[in-house]
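Have a look at the structure below, then the notes.
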Amino acid sequence: MKLWKRAAGALKDQNSLLITALSRRTSLHSPDLEAAVIKATSHDEARVDYRNAQRVFVWARTSPSTHLKPLVWAISSRALRTRSWPVALKCLMLLHGVFRCKVTAVQRIGRLPFDLSDFADGHSSLSKTWGHNALVRAYFNFLDQKSAFLYADIKEIRKVKAAGPEDSILAEIVMLQRLQSLLALLLQVRPQAEGMRGTLVLEAMDCVIIEIFDTYSKVCNLIARVLSRIYGASQAEASMALLVLRQANAQGDELTEYFEFCKFYGVLNASEFPKVERIPEEDIREVERMVNGGGEEESKAIVVSESGGSELVPSTGKVLKTVVTDKWEVFDDDGNDLMSVNGGKGMERDIVSVTSSNDPQPQRQPHDVHAYKLEIPDLITF
């Protein structure tokens with residue numbers, strides 16, 4: 001049965017090559033380029049055609065303005081027509097390699113012109129291929145978001161690269177959040193079923209590990225830059241930075257588990273990944289203090305000085321209001337204790353209850369208090 005499937009797949013590839021050779025060259029169709037794409041994305045799940053894949057990458061690097069559109073069209077049409085998981089996975093690996101060429105024209109692709117988010121192999125039962133289907137879907141979701149990320153963030157990437165110490169760190173924090181989202185999608189690309197440890201799957205996982213290297217290094221560099229400039233950030237920026245730092249530590253634990261799984265699975269590039277370093281807790285606590293302390297605005301009060309002037313000073317207590325009344329209380333010389341006069345028998349301390357002016361209950365008067373009526377000079381003149 002397996003030999004029959006390989007023969008049927010090889011026949012399909014030869015038929016596609018024949019159709020391509022007989023087709024005309026247009027602005028979206030290059031027979032030579034399309035033939036290399038078909039050979040690089042053959043139905044053979046036990047073999048990866050590195051030679052034709054490298055030919056595609058050379059065309060993408062040397063003349064992207066001429067070959068990028070035919071290349072994307074060839075990969076898209078190949079991915080849309082297939083119901084074979086080896087072909088779909090090879091198409092994604094080939095497109096991923098084009099992204100890795102770091103050609104500026106790739107940033108103008110935008111969302112991918114094909115959809116494999118609900119891919120299902122049509123040549124085997126679901127019980128045998130559900131793991132491969134999940135791998136193809138997760139890989140496509142990452143590449144689709146990466147392509148959209150590159151398209152939408154051309155100006156933002158340039159802005160972050162050109163940012164100086166005096167610029168706002170908000171753009172860098174937003175870039176960090178998007179890179180962390182891409183990293184989360186990458187961590188979902190993994191074999192989940194038994195019997196998937198084949199040449200093609202291991203090669204695809206090697207491509208994913210290389211992408212994780214690159215994405216995680218960008219995250220670490222941006223985190224270091226944000227932490228070096230965090231003291232000049234606003235409270236809102238510090239709050240966003242705190243969420244990013246916590247997410248970075250959480251993803252660090254996920255990365256460690258992911259690499260251990262890949263090493264056990266036999267992915268070659270996973271053995272070369274360095275140890276994932278966590279962000280120091282004192283740095284996170286420092287940002288937390290900035291967020292918590294920055295939310296309390298300093299209260300201010302107007303104080304009239306003895307010379308008649310006024311100044312605005314910080315107020316550390318509760319806000320008081322002035323009440324106009326014809327009842328007067330006598331204070332001692334120290335100004336610390338409120339005292340009442342008790343029937344000419346001397347000064348006696350009493351507890352004074354302060355109530356709101358909206359309180360329907362009348363204020364409690366001290367027991368047996370005889371208030372002195374003092375002559376108060378009129379200090380308000382018109």
With a cut-off of under 6.0 Å to the ring centre and 45° to the axis, is Arg108 in cation-pi contact with Tyr151?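 No.
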Can Arg190 be said to sit on top of Phe261's aromatic six-ring, NZ or CZ under 6.0 Å from centre and within 45° of the ring axis?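 Cation-pi check for Arg190 and Phe261: passes.
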Lys/Arg N to Asp/Glu carboxylate O, [X] vs [Y], below 4.0 Å:
X	Y	answer
Asp118	Arg137	no
Arg25	Asp32	yes
Asp253	Arg278	yes
Glu172	Lys218	no
Glu45	Lys90	no
Arg55	Asp49	no
Arg78	Glu34	no

Please determine whether the number of non-hydrogen atoms from other residues, nucleotides or ligands lying under 6.0 Å from atom NZ of Lys69 exceeds 12.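 Open: at most 12 neighbouring heavy atoms sit under 6.0 Å from NZ of Lys69.
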* Neighbour count above 12 (heavy atom, 6.0 Å) for Glu194 CD ->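 Not buried by this count: 12 neighbours or fewer within 6.0 Å.
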Without hydrogens or angle criteria, can the side chains of Tyr50 and Glu203 be said to hold a donor-acceptor pair below 3.5 Å?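 Looking only at side-chain atoms, Glu203 and Tyr50 do form a donor-acceptor pair, the distance falling under 3.5 Å.
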Original post:
For Asn292 and Arg289, does a side-chain donor sit closer than 3.5 Å to a side-chain acceptor?
Top reply: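 No, Arg289 and Asn292 have no side-chain donor paired with an acceptor closer than 3.5 Å.
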* Asked: Does anything in residues 73-102 pair up under ring pair (Phe, Tyr, Trp, His ring centres under 6.0 Å), and if so which pairs, sequence neighbours excluded?
  ->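 Residue pairs passing ring pair (Phe, Tyr, Trp, His ring centres under 6.0 Å), neighbours aside: His29-Trp73, Trp85-His132, His96-Tyr139, His96-Phe142.
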Would you give the length of the straight line joining atom CD1 of Ile173 to atom CZ of Arg229, rounded to the nearest 0.5 angstrom?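 One finds 9.0 Å between CD1 of Ile173 and CZ of Arg229.
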task = Find the distance between SG (Cys91) and CG (Leu80) and round it off to the nearest 0.5 Å.
result =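 Result: 9.0 Å between the selected atoms.
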Do His67 and Val56 touch side chain to side chain, with heavy atoms closer than 4.5 Å?
->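 Side chain of His67 against side chain of Val56, heavy atoms only: no contact under 4.5 Å found.
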| Would you say the side-chain atoms of Gln180 pair up with the backbone N or O of Gln177, donor to acceptor, closer than 3.5 Å? |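 The answer is no, because no donor-acceptor pair under 3.5 Å joins these two groups.
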Exercise for the section: Take Asp144 and Arg111, measure what salt bridge (charged side-chain N to carboxylate O under 4.0 Å, His left out) needs, and give me the verdict at the end. Expected result: CA-CA 6 Å; Asp144 187 40; Arg111 298 293 294 270; 2.6 Å; yes
